[in-house]
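Encoded as structure tokens, the structure appears first; notes follow it.
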Amino acid sequence: MKDRLKLLTQWLNNVTTSDFGYDSYHDGRLENAIAESQVETCNKIGGYLEEILAMDDEQIKNELNE
């Protein structure tokens, strides 16, 4: 399971606007802003997953008890 989460983390951290169908030759500024926002969201989730995967069992227990 941990390897699958690591793979998902890598995918989320490597997302680009083209992954959301954005085409800089045909789409406008609003579409670009939306695609960039989607990329930022994926990158942020990927970062959170990296942090969680780097935690030891004690840290995870502490986070769950807060």
Side-chain angles (χ1 to χ4, degrees):
M1 180 69 154
K2 191 170 185 176
D3 288 337
R4 290 184 174 141
L5 287 174
K6 286 181 183 179
L7 180 60
L8 175 60
T9 300
Q10 289 175 356
W11 286 353
L12 289 170
N13 286 328
N14 292 318
V15 167
T16 66
T17 54
S18 64
D19 293 319
F20 295 101
Y22 175 72
D23 180 0
S24 61
Y25 295 105
H26 296 101
D27 295 330
R29 290 170 57 190
L30 178 61
E31 289 86 358
N32 180 51
I34 292 169
E36 288 291 337
S37 178
Q38 290 172 312
V39 168
E40 288 176 28
T41 301
C42 288
N43 292 164
K44 186 166 270 282
I45 293 168
Y48 290 146
L49 282 171
E50 280 181 340
E51 286 182 42
I52 292 168
L53 289 170
M55 290 180 177
D56 61 25
D57 291 338
E58 187 67 28
Q59 289 173 305
I60 290 177
K61 286 178 187 174
N62 289 337
E63 287 293 323
L64 290 173
N65 291 327
E66 288 184 1

Solution key, residues 49-59 side-chain donor-acceptor pairs under 3.5 Å, sequence neighbours excluded:
from, atom 1, to, atom 2, distance (Å)
E50, OE2, N13, ND2, 3.1
D56, OD1, E58, N, 3.2
D56, OD1, Q59, N, 2.8
Q59, OE1, D56, N, 2.9

What pairs of donor and acceptor atoms, side-chain ones from residues 30-47 against any protein atom, are under 3.5 angstrom apart with sequence neighbours left out?
from, atom 1, to, atom 2, distance (Å)
E31, OE1, G28, N, 2.9
T41, OG1, S37, O, 3.0
N43, ND2, L12, O, 2.8

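The side-chain contact (heavy atoms from CB on, under 4.5 Å) search around S18 returns T16, not counting sequence neighbours. By the side-chain contact (heavy atoms from CB on, under 4.5 Å) test, D23 is found to be paired with Y25, H26, D27, residues two or more places apart in sequence or in another chain being considered.
N14 CG to T9 OG1: the interatomic distance, rounded to the nearest 0.5 Å, is 10.5 Å.
A pairwise comparison of heavy atoms in V15 and D19 identifies CA-OD2, 3.3 Å as the closest pair.
Hydrophobic cluster of Y48: no remaining members, since no ILVMFWY side chain lies below 4.5 Å from it.
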